[in-house]
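What follows is a set of notes on a single structure, which appears directly below.
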Protein chains: 2
Amino acid sequence: MRIGQLARITGVKSETIRFYEREGILAAPPRTRANYRDYGPAEEARLNFIRRARDLGFSMARIRELLDLSDDADRSCAGIDALARSHLGEVERKIASLEALRTELGRMIAACEQDTVGDCRIIDALAGTAEP
Amino acid sequence: MRIGQLARITGVKSETIRFYEREGILAAPPRTRANYRDYGPAEEARLNFIRRARDLGFSMARIRELLDLSDDADRSCAGIDALARSHLGEVERKIASLEALRTELGRMIAACEQDTVGDCRIIDALAGTAEP
DNA sequence: CTTGACCTTGTAGTTACTACAAGGTGCATA
DNA sequence: TATGCACCTTGTAGTAACTACAAGGTCAAG
């Protein structure tokens, strides 16, 4: 598939896909006779991963690490373990923060259903969670 | 408290705090005789909120909306409800993605504990979740 | 009364895109 | 055959959200 179709499927702009290739986060695909990039389903999955990880607030550097975990199948178990644990910690902190926010948003919606406007505590919901 | 102390407490750089003030996301605090910014605990909570929301991948515009929910106590219930529901949807999608990632990272760590390197499926973990 | 840690404003650099310009490719249609 | 038209190519420049640095003012401690 060409870059335009991959862009439509994943919701990532063609320019951004080329940018990821320049950054080395997405491998340069084979080219057609007309010098067009030719992508397969593996690139689609990888691109979806990158897009969602970015949406979750992970930096390019962090995403590069996660992709390295995935790419280097045969690296030391100790290395995989340390990196995976570090990422797991970050993921769990993010989940905890989001759950606090979800609870508070749910509370506000419930109050609205009863026409009780009630004060908003979303700042407190996130202000007290662990260090990012 | 002065900007430096607020920066140390929240982990947000002084420059970034001034940037948030310029952007109108953090109110301009009173000044001391020496023209130094003078912050209280309310600003600390608000700043912690902004920092964590950014870490979770929310844009400044989205954070502005969340803070507006908190600031305008007396706005229409219908308005609060619609906005809160939209944010709740985004929060729930992020939680689902992070939980898939957490499961996969946990699986890799468990495999490592048994010295079974096992293939990494973190790309698949995020590639198949709902639209961001 | 100066040293040093802090503050002020302003400008310029970084990251991760995003848009646009100038031109090549290839298929359909007149 | 040609001439749109949508698509692709590279490259450069602009945006969002910081981040760093320069040039100078403030003030408690020695």
Side-chain angles (χ1 to χ4, degrees), chain A residues 1-40 43-44 46-68 90 94 126 131-132, chain B residues 1-40 43-44 46-68 90 94 126 131-132:
Chain A
M1 113 186 59
R2 291 189 291 179
I3 202 169
Q5 199 191 338
L6 182 62
R8 269 187 299 282
I9 288 173
T10 59
V12 178
K13 302 208 162 63
S14 305
E15 288 93 341
T16 308
I17 297 174
R18 283 190 283 260
F19 167 75
Y20 287 152
E21 184 180 319
R22 275 199 304 284
E23 295 296 301
I25 210 171
L26 205 59
R31 301 292 184 114
T32 64
R33 269 150 306 152
N35 197 29
Y36 292 173
R37 288 170 178 83
D38 189 19
Y39 295 99
E43 279 84 3
E44 184 187 333
R46 194 177 176 96
L47 194 50
N48 272 323
F49 175 85
I50 295 170
R51 161 153 151 280
R52 292 185 213 282
R54 288 288 305 134
D55 177 62
L56 294 169
F58 292 97
S59 67
M60 293 280 274
R62 214 80 171 112
I63 291 172
R64 211 180 294 267
E65 284 181 357
L66 284 167
L67 289 171
D68 283 352
E90 187 177 357
K94 281 177 194 263
L126 275 199
E131 296 295 301
Chain B
M1 113 188 57
R2 291 189 291 179
I3 201 169
Q5 200 191 338
L6 182 62
R8 269 187 299 281
I9 288 173
T10 59
V12 178
K13 302 208 163 62
S14 304
E15 288 94 341
T16 309
I17 297 174
R18 283 189 282 261
F19 167 75
Y20 286 153
E21 185 181 319
R22 276 199 303 283
E23 295 296 301
I25 209 171
L26 206 59
R31 300 293 185 115
T32 64
R33 270 151 305 152
N35 196 28
Y36 292 173
R37 287 170 178 83
D38 190 19
Y39 295 99
E43 279 84 4
E44 185 188 331
R46 195 177 175 95
L47 195 49
N48 271 323
F49 175 84
I50 295 170
R51 162 153 149 282
R52 292 186 213 283
R54 286 291 304 135
D55 177 61
L56 294 168
F58 292 97
S59 68
M60 294 280 273
R62 214 80 169 112
I63 291 173
R64 211 180 293 266
E65 284 181 357
L66 283 167
L67 289 171
D68 284 351
E90 187 175 357
K94 281 177 194 265
L126 275 198
E131 295 296 300

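Scope of the values below: all heavy atoms of this structure, side chains included, with no hydrogens, waters or symmetry mates.
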Which heavy atom of I25(A) sits nearest to which heavy atom of R64(A), and what is that distance?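 Smallest interatomic distance, heavy atoms only, reads N-NH1, 4.5 Å.
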Run the side chain to side chain contact (heavy atoms under 4.5 Å, CB included) check on R51(A) and Y20(A) step by step: do they pass? CA-CA 11 Å; R51(A) 161 153 151 280; Y20(A) 287 152; 5.9 Å; no
Just the rounded figure in Å: distance from [atom2] of [N] to [atom1] of [X].
| X | N | atom1 | atom2 | answer |
| --- | --- | --- | --- | --- |
| K13(A) | dC17(C) | NZ | P | 11 Å |
| N35(A) | dC7(D) | CG | C1' | 13 Å |
| E21(A) | dG11(D) | CD | P | 12 Å |

Return the nearest nucleotide to the side chain of [X]; candidates are [options].
| X | options | answer |
| --- | --- | --- |
| E15(B) | dT8(C), dA20(D), dC17(C) | dA20(D) |
| R37(B) | dT8(C), dT18(C), dC7(C) | dT8(C) |
| R18(A) | dC7(D), dT8(C), dT9(D) | dT9(D) |
| R54(A) | dC7(C), dT9(C), dA16(C) | dA16(C) |
| A34(B) | dC7(D), dC27(D), dT9(C) | dC27(D) |
| M60(A) | dC7(D), dA16(C), dT9(D) | dA16(C) |
| T16(A) | dT18(C), dA16(C), dT8(C) | dT18(C) |

Does R31(B) reach the side chain of N35(B), with side-chain heavy atoms less than 4.5 Å apart? yes
Please determine whether a side-chain nitrogen of the Lys or Arg among R46(B) and E43(B) lies less than 4.0 Å from a carboxylate oxygen of the Asp or Glu.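 Looking at R46(B) and E43(B), the cut-off is not met.
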Starting from the first five and the last five pairs of the helix from dC1(C)-dG30(D) to dA30(C)-dT1(D), work out the angle between the resulting helix axes, to 10 degrees.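 For the helix from dC1(C)-dG30(D) to dA30(C)-dT1(D), the axes at either end differ by 10°.
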Ignoring hydrogens and angles, answer whether the base of dG26(C) and the side-chain atoms of Y36(A) contain a donor-acceptor pair closer than 3.5 Å. no
First of T32(A) and R64(A) reached from the 5' end of DNA chain C, by closest nucleotide: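 First, find each residue's nearest nucleotide; the 5'-ward one identifies R64(A).
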